[in-house]
Amino acid sequence: GTYENRNVPTQIGSATNWVKVKSGTNHTLGLKSNTVLFAWGSDNTGQLGIGASNNFSPTPIEIGSDFIDISCGINASIGIKLNGTLWSWGANSYGQLGLGTNTTQQVPTQVGTETTWSKIDAGTEHMLALKTDNTLWAWGRNHRGQVGNNSFTSVLSPIQINSGTFYNNIYAGNNTGASPFAGFSLAIKTDGNLQAWGDNERGQLGIGSRFNFRQTPQNVACPSTLSSVDFRSDNEISVYPNPTSNYINVVIENTSNFKISIYNVVGREVVNHKNQKTIDISDLKKGMYLMKIVDYDNNRTFTNKIIKN
């Protein structure tokens with residue numbers, strides 16, 4: 001409720017049901033467990049979504065409800081609602097709102113009519129998004145190839161990137177060094193491989209070189225998919241089949257007291273079993289997961305990745 005700087009963490013209000021928070025350059029979005037969205041900070045380009053610009057709000061203002069995901073660009077905001085629709089507002093100089101124009105929007109405005117959006121991430125002036133079919137979409141500023149469509153021209157509406165390839169996770173980055181606002185992008189494919197494109201001034205794409213822009217997704221050299229042979233310690237443990245689409249089996253020697261946990265790419269535990277050697281993962285989405293096996297009898301822990309087809 002003030003404009004004073006703080007040098008220690010300070011509680012905002014008394015609510016205890018916040019579940020997600022994202023920040024732009026000078027504004028913040030916060031989402032509560034009841035799907036109600038709040039915004040505060042600078043509103044010089046309508047990024048708060050309150051219907052007026054050139055204002056500031058030092059306290060959270062309710063923007064709307066039914067939101068399940070949010071992200072912030074430098075002066076733009078974007079969110080996905082429960083029904084799978086996509087909404088954006090704020091600055092739009094490079095089409096980063098995805099509305100087909102360069103017009104600033106001061107209130108949340110629906111992007112197209114699709115109802116299958118599942119995940120979003122905002123760079124400073126470009127956006128990445130996934131749909132429920134794991135297809136990748138991008139739009140906005142493209143002067144370093146960060147959209148990924150083999151061009152340097154800004155894109156005003158969502159376009160599919162790398163058709164025929166499917167993804168589980170996305171990250172829209174920004175170079176704050178010698179070339180500020182030079183965006184770059186990363187995405188994890190459903191087979192667990194990592195790709196990157198866009199600005200590469202500091203080698204942030206991880207492709208073994210610096211400076212050269214990449215206008216299309218490039219593979220980042222990482223260890224290949226692990227098989228059951230890779231997941232062993234002195235032949236005392238194995239996991240098979242890997243990759244798999246339904247069940248995964250664990251063979252572990254010299255113990256009857258162990259726990260198996262499986263985590264998704266954002267670190268959330270999605271499977272937890274004790275002393276069970278056949279695990280049903282058929283309900284998990286396609287992609288890469290981390291399996292952790294704790295052997296309580298011998299005080300050992302094994303971790304490595306598994307792939308769900």
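Owing to the predicted nature of the structure, the values given are computational and were not obtained by experimental measurement. The residues of the chain are indexed from 1 along the displayed sequence.
In this structure, K274 is positioned above the aromatic face of Y296, its NZ or CZ under 6.0 Å from the six-membered ring centre and within 45° of the axis. Figure legend: cation-pi geometry between K81 and F67, with NZ or CZ positioned under 6.0 Å from the six-membered ring centre and within 45° of its axis.
When atom types are taken as modelled, the side chain of N169 and the backbone of I188 share no donor-acceptor pair closer than 3.5 angstrom. N242 places no side-chain N or O within donor-acceptor distance of the main-chain N or O of I248, the cut-off being under 3.5 Å. Remark: the backbone N or O of V8 is paired with a side-chain donor or acceptor of T10 at under 3.5 angstrom. No donor-acceptor distance shorter than 3.5 angstrom exists from the side chain of D295 to the backbone of N299, with no hydrogens or angles considered. Although no hydrogens or angles enter the test, the distance criterion places a donor-acceptor pair under 3.5 Å between the side chain of N142 and the main chain of T153. Side-chain atoms of T85 do not come within 3.5 Å of backbone N or O of T115 as any donor-acceptor pair. Although no hydrogens or angles enter the test, the distance criterion places a donor-acceptor pair under 3.5 Å between the side chain of N92 and the main chain of L97. Judged purely by atom type and a 3.5 angstrom limit, N257 has no side-chain atom pairing as donor or acceptor with the backbone of D297.
For G73 against A122, the heavy-atom pair with the smallest separation is N-CB, 3.6 Å. The minimum heavy-atom distance between L37 and L29, with the atom names listed, is CD1-CB, 4.2 Å. Residues I279 and H273 come closest through the heavy atom pair CD1-CD2, 3.5 Å.
Using a 3.5 Å distance cut-off with no hydrogens or angles, the side chains of Q218 and T216 do pair a donor with an acceptor. Side-chain contact of T278 with N249: a donor-acceptor pair under 3.5 Å is present, judged by distance alone. At a cut-off of 3.5 Å, with distance as the only test, a side-chain donor of T45 or Q47 sits close to an acceptor on the other residue. The closest side-chain donor-acceptor pair between N254 and N298, if any, does not fall under 3.5 angstrom. The closest side-chain donor-acceptor pair between E269 and S261 falls under 3.5 angstrom.
In this structure the side chain of F258 reaches within 4.5 angstrom of the side chain of K277, judged on heavy atoms. In this structure the side chain of L48 reaches within 4.5 angstrom of the side chain of S57, judged on heavy atoms. Taking 4.5 Å as the limit, every side-chain heavy atom of S157 sits out of range of all side-chain heavy atoms of W139. No side-chain heavy atom of D69 sits less than 4.5 Å from a side-chain heavy atom of W117. When side chains are defined from C-beta on, I12 counts as touching W40, because their heavy atoms get closer than 4.5 Å. Residues Y167 and I161 are not in side-chain contact: their nearest non-hydrogen atoms beyond the backbone lie 4.5 Å or more apart. W87 has its side chain out of reach of V111: every pair of non-hydrogen atoms, C-beta onward, lies at least 4.5 Å apart.
Put simply, CD1 on I61 and CD1 on I50 are 4.5 Å apart, with the number rounded to the nearest 0.5 Å. If you take OH on Y171 and CG on L128, they are separated by 10.5 Å, rounding to the nearest 0.5 Å.
Transitive grouping of hydrophobic side chains (ILVMFWY, heavy atoms separated by less than 4.5 Å) brings Y289 and I293 into a common cluster. Residue L99 is not grouped with residue I74 when hydrophobic side chains (ILVMFWY) are merged at heavy-atom distances under 4.5 angstrom, including chains of intermediate members.
For T35, the side chain to side chain contact (heavy atoms under 4.5 Å, CB included) test picks out S65, D66, L82, with sequence neighbours left out.
Within 6.0 Å of atom CG in D133, more than 12 heavy atoms from other residues, nucleotides or ligands are found, so the atom counts as buried in its surroundings. Counting heavy atoms of neighbouring residues, nucleotides and ligands inside a 6.0 Å radius, atom NZ of K32 exceeds 12 of them. Atom OH of Y247 sits in a sparse spot, with 12 or fewer heavy atoms from other residues, nucleotides or ligands closer than 6.0 Å.
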I170 vs L130, test: side-chain contact (heavy atoms from CB on, under 4.5 Å). Steps then yes/no. CA-CA 8 Å; I170 49 176; L130 294 180; 3.8 Å; yes
